[in-house]
Amino acid sequence: MTFDYVTAFKQGGYWSKYVADILQSKGIRCYAPDIKIATTTAEREHMTKHEQDIVFNWNYKPLEVKSSSRDFTSDYLNYPYQSLFVDTVSSFENKIVEPLAYVFVSQKTRGLVCLSPKSKSHWRKVQAFDKQRQINELFYSASKDLLISFDDLVAHLLKRQKAVDGV
């Protein structure tokens, strides 16, 4: 079975918009850009470096949204797995702008947990088989102890947004 990149991009765009809509409902000025489908190797490389899942008009660093087939809730203290894959090493290392934070969303429950790239010194590199793409890949993996709540991320974003606004 061949991996369907177009469907994967569309699914990623759906979840980015889902998270952006929640953030907007909490007063955070942001949006999820329309997805672009890379058709060539050069376009894929450009997107890997420059793609931003959620963008703010008050901060240059974006949020990275990772949807997961795992079953978890927004209760980050009771995340049911010992660790999670953050991103592929190549994707993380090639980004022009490091994300402000990662938001992981369960496709099953719509639960949201977050991770700060400031915790990167505690991440591990793990070789794993990507079942969807049917390839071996090097991933950054983080312990569940590094997770933060979505509510804490929202509070942090509101504080930064207000500071930029001079409020």
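- Pairs of residues two or more places apart, or lying in two chains, that qualify as salt bridge (Lys or Arg N to Asp or Glu O under 4.0 Å) and include a residue from residues 101-129 are Glu93-Lys120.
- The distance from atom OG of Ser116 to atom CD of Glu98, rounded to the nearest 0.5 Å, is 8.0 Å.
- Scanning both residues, Pro99 and Pro117, for their nearest heavy atoms gives O-CG, 3.0 Å.
- When the side chains of ILVMFWY residues are joined at heavy-atom separations under 4.5 Å, either directly or via intervening members, Val164 and Val55 end up in two distinct hydrophobic clusters.
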- Test side-chain contact (heavy atoms from CB on, under 4.5 Å) applied to Ser68 and Ser106, step by step: CA-CA 5 Å; Ser68 173; Ser106 170; 5.6 Å; no
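- In this structure, Glu43 has no salt bridge (charged side-chain N to carboxylate O under 4.0 Å, His left out) partners at least two apart in sequence or on a different chain.
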Show the atom names and distances, to 0.1 Å, of all donor-acceptor pairs under 3.5 Å that link a side chain in residues 60-67 to residues at least two apart or in another chain.
residue: Glu64; atom: OE2; partner: Lys66; partner atom: NZ; Å: 3.3
residue: Lys66; atom: NZ; partner: Asp87; partner atom: OD1; Å: 3.1
residue: Ser67; atom: OG; partner: Gln107; partner atom: NE2; Å: 2.9

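- Here the shortest heavy-atom pairing between Ala20 and Ala32 reads CB-N, 3.9 Å.
- Below 30°, between 30° and 60°, or above 60°: for Tyr18 and Trp15 the angle between ring planes is above 60°, a perpendicular geometry.
- His156 pairs by the ring pair (Phe, Tyr, Trp, His ring centres under 6.0 Å) definition with nothing, not counting sequence neighbours.
- Linking ILVMFWY residues whenever their side-chain heavy atoms come closer than 4.5 Å, directly or via other members, leaves Ile148 and Leu158 in distinct clusters.
- Distance check, rounded to the nearest 0.5 Å: OG of Ser16 to CD of Gln11 gives 10.5 Å.
- In this structure Ser74 satisfies the side chain to side chain donor-acceptor pair (under 3.5 Å) test with no other residue, sequence neighbours excluded.
- Hydrophobic clustering (side-chain heavy atoms under 4.5 Å, transitive across Ile, Leu, Val, Met, Phe, Trp, Tyr) groups Val19 together with Trp58.
- One distance of note links CD1 of Ile28 with CG of Asn57; it measures 12.0 Å at 0.5 Å rounding.
- Between the Thr88 side chain and the Ser91 main chain, a donor and an acceptor come within less than 3.5 Å of each other.
- Taking Asp75 as the reference, Asn78 meet the side chain to side chain donor-acceptor pair (under 3.5 Å) condition, with sequence neighbours excluded.
- Other residues sharing the hydrophobic cluster of Leu147, ordered by chain and number and joined by side-chain separations under 4.5 Å: Phe72, Tyr76, Leu77, Tyr79, Tyr81, Leu84, Val86, Val89, Phe92, Tyr102, Phe104, Val113, Leu115, Trp123, Leu138, Tyr140, Leu146.
- With side-chain heavy atoms closer than 4.5 Å counting as contact, directly or through intermediates, the hydrophobic cluster containing Phe139 also holds Phe85, Val126.
- Put simply, CG on Leu153 and NZ on Lys26 are 11.0 Å apart, with the number rounded to the nearest 0.5 Å.
- Side-chain atoms of Ser25 come within 3.5 Å of backbone atoms of Ile22 as a donor-acceptor pair (strictly under, hydrogens ignored).
- Checked against side chain to side chain donor-acceptor pair (under 3.5 Å), Glu137 has the following partners two or more places apart in sequence or in another chain: Arg133.
- Counted within 6.0 Å of CD on Gln127, heavy atoms from surrounding residues, nucleotides or ligands total more than 12; the atom is thus considered enclosed.
- Tyr31 pairs by the ring pair (Phe, Tyr, Trp, His ring centres under 6.0 Å) definition with nothing, not counting sequence neighbours.
- For residues 140-165, the salt bridge (Lys or Arg N to Asp or Glu O under 4.0 Å) pairs, not counting sequence neighbours, are Arg29-Asp165.
- Taking Asp34 as the reference, nothing meets the side chain to side chain donor-acceptor pair (under 3.5 Å) condition, with sequence neighbours excluded.
- For the atom pair NE2 (His46) and CD1 (Ile96), the distance works out to 8.5 Å, reported to the nearest 0.5 Å.
- Interatomic distance, Gln24 CD to Cys30 SG, rounded to the nearest 0.5 Å: 5.0 Å.
- Side chains of Leu157 and Leu100 form a contact here, defined as non-hydrogen atoms less than 4.5 Å apart.
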